[in-house]
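Let me begin by presenting the structure, written as structure tokens, before commenting on it.
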Amino acid sequence: MRRFIISLSLSALFMCACSMQTNTEKNTPATGKQEKTNDSRALTFDADSAYHFVEKQVSFGPRIPNTPEHTACGDYLTFKLKEYGAIVTEQRADLKAYDNTILKARNIIGSFLPEAPERILLCAHWDTRPYSDNDPDPSNHHQPVMGANDGASGVGVLLEIARQLQKKLPAVGVDIIFFDAEDHGAPYFYKGVNNGEETWCLGSQYWAANPHTPDYKAKFGILLDMVGSPTATFYKEGYSMQMAPLIVEKIWKEAISMGKGGLFVNGTGGTITDDHLFVMRGRAFPCIDIIDFNPHTTGFGSYWHTINDTMEEIDRETLKSVGEVVLSVIYSKQSSKKE
Ligand code: AHN
Ligand code: ZN
């Protein structure tokens, strides 16, 4: 496990040398659907809806770049964001994997209130790992991960948030980014030389160097990673605490005040190389990681990078708690207050 927890790297250099070709398409759906409303209907994060979005992604099969399943799922995610009234930017790039394979990667970005100067970034990775290289049975190490939790759960929560945003626009602009090629990091069995932590999070590294709007900045960002397990615990992640402590404290305080202190634990967890790290290094705004990692037990859950990361690892209550906390942060008056 320890090899997955990277202590603070001295290297501030992460500029993605892996982009060979890029192509950005913007789609502009009718925005008439997006009407600001002043009514005070309580926003309700629908756990069944979020669960369905997770199940739907899993139904495509593993979402590994350069496969038809990946293409089909990417098309679905783009369609859903447009359906919920977001302005969608598809950022396509050819990214070089640890073994020099070119990954046809696709970051999918949905913007609500695209003109609003004050913005919140919500993100999750949508690709899945080609190797179950943490499975207890070594004969499974070359099998793909299904990624119900590791991938689909964060995206499922964010699709449900998108559905809610369409019903009632918040006071701030919101960008939802589904990052690609997060989970294609070098497996332990690869014998070639590789760049270690930089083999992970290729989509977010690309976006951080090439944001979808010039000089993109958000007030803060929230990354959701493995937010569906019935046994989840969310400790305060190490890089988030080092680089975005005020946002961590604000979100955990909100979660605990909502009675979710069993899930959002008031304690420090692992220091984890994840998309939020590259967002912060590249764009210089705070971005925290809500990630299932228990420093007192097994670190990542026992399903992590195994063939058991299936729908059995998804609990509606966990999805709902995370969704409610994120919605509450987006709609709280504090979101528009200067800090
Ligand atoms: C590493 O294993 C280097 N980072 C964990 C990030 C991750 C992988 N999140 C999901 N899968
Ligand atoms: Zn993973």
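These numbers come from a predicted model, not from an experiment. Read the numbers this way: they start at 1 and go in the same order the structure lists the ligands and their atoms.
Between V265 and W252 the shortest heavy-atom distance is O-NE1, 3.1 Å.
Between H141 and Y188, the distance separating the two ring centers is shorter than 6.0 angstrom. Ring centers of Y235 and F264: at least 6.0 Å apart, outside the cut-off.
For W200, no nitrogen or oxygen atom sits less than 3.5 Å from a nitrogen or oxygen atom of ligand 1, counting backbone and side chain alike.
Near D225, the atoms of ligand 1 lying under 4.0 angstrom from a non-hydrogen atom of the residue are 7 (C), 9 (N), 10 (C). Listed by number with element, the atoms of ligand 1 under 4.0 Å from a non-hydrogen atom of D150 are 10 (C), 11 (N). Listed by number with element, the atoms of ligand 1 under 4.0 angstrom from any heavy atom of W304 are 2 (O), 11 (N). With ligand atoms numbered from 1 in the order given, ligand 1 contributes 9 (N), 10 (C) to contacts under 4.0 Å with heavy atoms of M226.
Atom OD2 is the N, O or S atom of D150 at the shortest distance from the Zn ion (ligand 2). When you scan the N, O or S atoms of D183 for the one nearest the Zn ion (ligand 2), you land on OD2.
No cation-pi contact links K219 to F285, judged by a cut-off of 6.0 Å to the six-membered ring centre and 45° from its axis.
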Q: Could you go through the ring-ring contact (aromatic ring centres under 6.0 Å, His included) check for Y216 and W207 one step at a time?
A: CA-CA 10 Å; Y216 179 87; W207 174 82; 5.5 Å; yes

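Between R316 and D48 a salt bridge is recorded (basic side-chain N to carboxylate O distance below 4.0 Å).
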